[in-house]
2 protein chains.
Amino acid sequence: MAKDDSRLSPPTVLRLSEYLLILEQYIKENKEIISSRELADAYGNNANQVRQDIFHLENSGRLGQGYSTWELAEEIRRTLGLSDIRKVGIVGIGNLGKALATHVPFSDYGMSLAAAFDTAPDIIGKKINNLHVQDFSELADTIKSKDIKIGAICVPAVVAQSVCDTLVENGITGILNYSRIRLKAPKHISIQYQQVICSFMQLSYKVSHD
Amino acid sequence: MAKDDSRLSPPTVLRLSEYLLILEQYIKENKEIISSRELADAYGNNANQVRQDIFHLENSGRLGQGYSTWELAEEIRRTLGLSDIRKVGIVGIGNLGKALATHVPFSDYGMSLAAAFDTAPDIIGKKINNLHVQDFSELADTIKSKDIKIGAICVPAVVAQSVCDTLVENGITGILNYSRIRLKAPKHISIQYQQVICSFMQLSYKVSHD
């Protein structure tokens, strides 16, 4: 839980999630303590920002000159709610959907990949990460019966809005959108955009200004 | 060019790149004018933030009650430097590398995919998006001869740092890192992290606090 239960801003949540990955790397390397300066260097910001972000946590694991990597990681997990299991469904098992299903370590972060859907006959029925890809026509029933709350949209732009509508109608509350279009959805639905080309644009800008 | 040539902050650059995709959607739908409110609604922030971001541009295409979608899009492209061609190389042609090579519209945003590398014999030589996947051993020569400036790392975490080192030694100045580890690189190298699991964590947090 965050201090005073206030809601963290999206950039703070993003930074905390990235600090978590850094802390896990430290833990793997058996480093027990990290300073705000080291964390800032690894992340690419400054120690003040790191301290401000950590200040949002209830218990920072502060130890003299630094933080306990293990305690800080645990507290970030608790703050971000990564201990409750949330079920994820992926719609569209092309290269990108396959990459998500295969490589994203959902179970390490309180999520579980519960279903994968496609419309292509040669993909439906294939096994991917212990799941059989289901026909898109089974989406409504599956989402309800498995209580899936998060959907990742990895379909072409032309069908993304209709997939979004179907997900919303069937009780999904969070959507990760990999398609290039902005989706229209009711206010209570959280949509996270993940537009790969925008990362390249950011990098292109950085490269030209360094 | 940005006003007074000042460097834009990474979040501003990211928002501008996402506004650009929204504007392009409007242009496709033949909508000639967009208000800051409409842009904010489509993006998911507020009109003040949109106006502040647009204020960084030299010429906003302001027209009475709104902005010319076409002029604003052009000005964002100019500001982000998307008119200079930058060459991109992808290292690691697994599902994710394949997804990037196949679906990212590089050429629409001043980039061109110039090379793809892998170490697996069954992938080397395959054709992907008009390129033949090359053996990783050809990376150094190819980067130099083709003057590739941006590298996307789509390899497993255990080899990501060594791929990064090779890219840097051969003149890459911008790296998009899809691996889960933080990379060590000289200060003049821009690294953009794209950790898919962090998007799911952000969404998971949003879903639990809405």
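Please read all numbers here as calculations on a predicted model, not as lab measurements. We name chains A, B, ... by the order of the sequence lines, and we start the count at 1 in each one.
Along residues 155-166 of chain B, no residue comes nearer than 4.5 angstrom to chain A, judged on non-hydrogen atoms. Of residues 32-51 of chain B, those residues lying under 4.5 Å from chain A by any heavy-atom pair are B:Ala42, B:Tyr43.
Of the possible polar contacts, one joining the A:Lys206 side chain to the B:Ile191 backbone as a donor-acceptor pair under 3.5 Å is found. Although no hydrogens or angles enter the test, the distance criterion places a donor-acceptor pair under 3.5 Å between the side chain of B:Tyr205 and the main chain of A:Leu8.
Between chain B and the options A:Val88, A:Leu96, A:Leu176, A:Leu20, the largest number of non-hydrogen pairs under 4.5 Å is found for A:Leu176. By number of non-hydrogen pairs under 4.5 angstrom with chain A, the leading residue of B:Cys198, B:Gly174, B:Ala152, B:Pro10 is B:Cys198. If you tally non-hydrogen atom pairs under 4.5 Å between each of A:Leu183, A:Val104, A:Leu16, A:Thr102 and chain B, the highest count goes to A:Val104. Most heavy-atom pairs under 4.5 Å with chain B: of the set A:Glu24, A:His103, A:Arg86, this distinction falls to A:Arg86.
Only the side chain of B:Tyr109 comes within less than 4.5 Å of a heavy atom in chain A; its backbone stays farther off. Both the backbone and the side chain of B:Leu80 come within less than 4.5 Å of a heavy atom in chain A. For chain B, the nearby part of A:Tyr178 is the side chain; its heavy atoms alone come within less than 4.5 Å. For B:Gln202, the parts lying under 4.5 angstrom from a heavy atom of chain A are both the backbone and the side chain. With a 4.5 angstrom heavy-atom cutoff, A:Glu18 touches chain B via backbone and side-chain atoms both. Residue B:Met201 touches chain A through both its backbone and its side chain, counting heavy-atom pairs closer than 4.5 Å. Only the side chain of B:Ile150 comes within contact range of chain A, with heavy atoms under 4.5 Å apart. With a 4.5 angstrom heavy-atom cutoff, B:Arg182 touches chain A via backbone and side-chain atoms both.
Using modelled atom types and a 3.5 Å distance limit, the side chains of B:Gln194 and A:Ser199 yield a donor-acceptor pair.
Here the straight-line distance linking atom NZ of B:Lys149 with atom OG of A:Ser204 works out to 13.0 Å at 0.5 Å rounding. The line from CG of B:Leu21 to CD of A:Gln195 is 5.0 Å long, rounded to the nearest 0.5 Å. Rounding to the nearest 0.5 Å places CZ of A:Arg180 at 12.5 Å from CD1 of B:Ile22.
Between A:Ile197 and B:Pro105, the shortest heavy-atom contact is CD1-O, 4.1 Å.
Annotation: side chain of A:Ser190 is in contact with side chain of B:Leu203 (closest heavy-atom distance under 4.5 Å).
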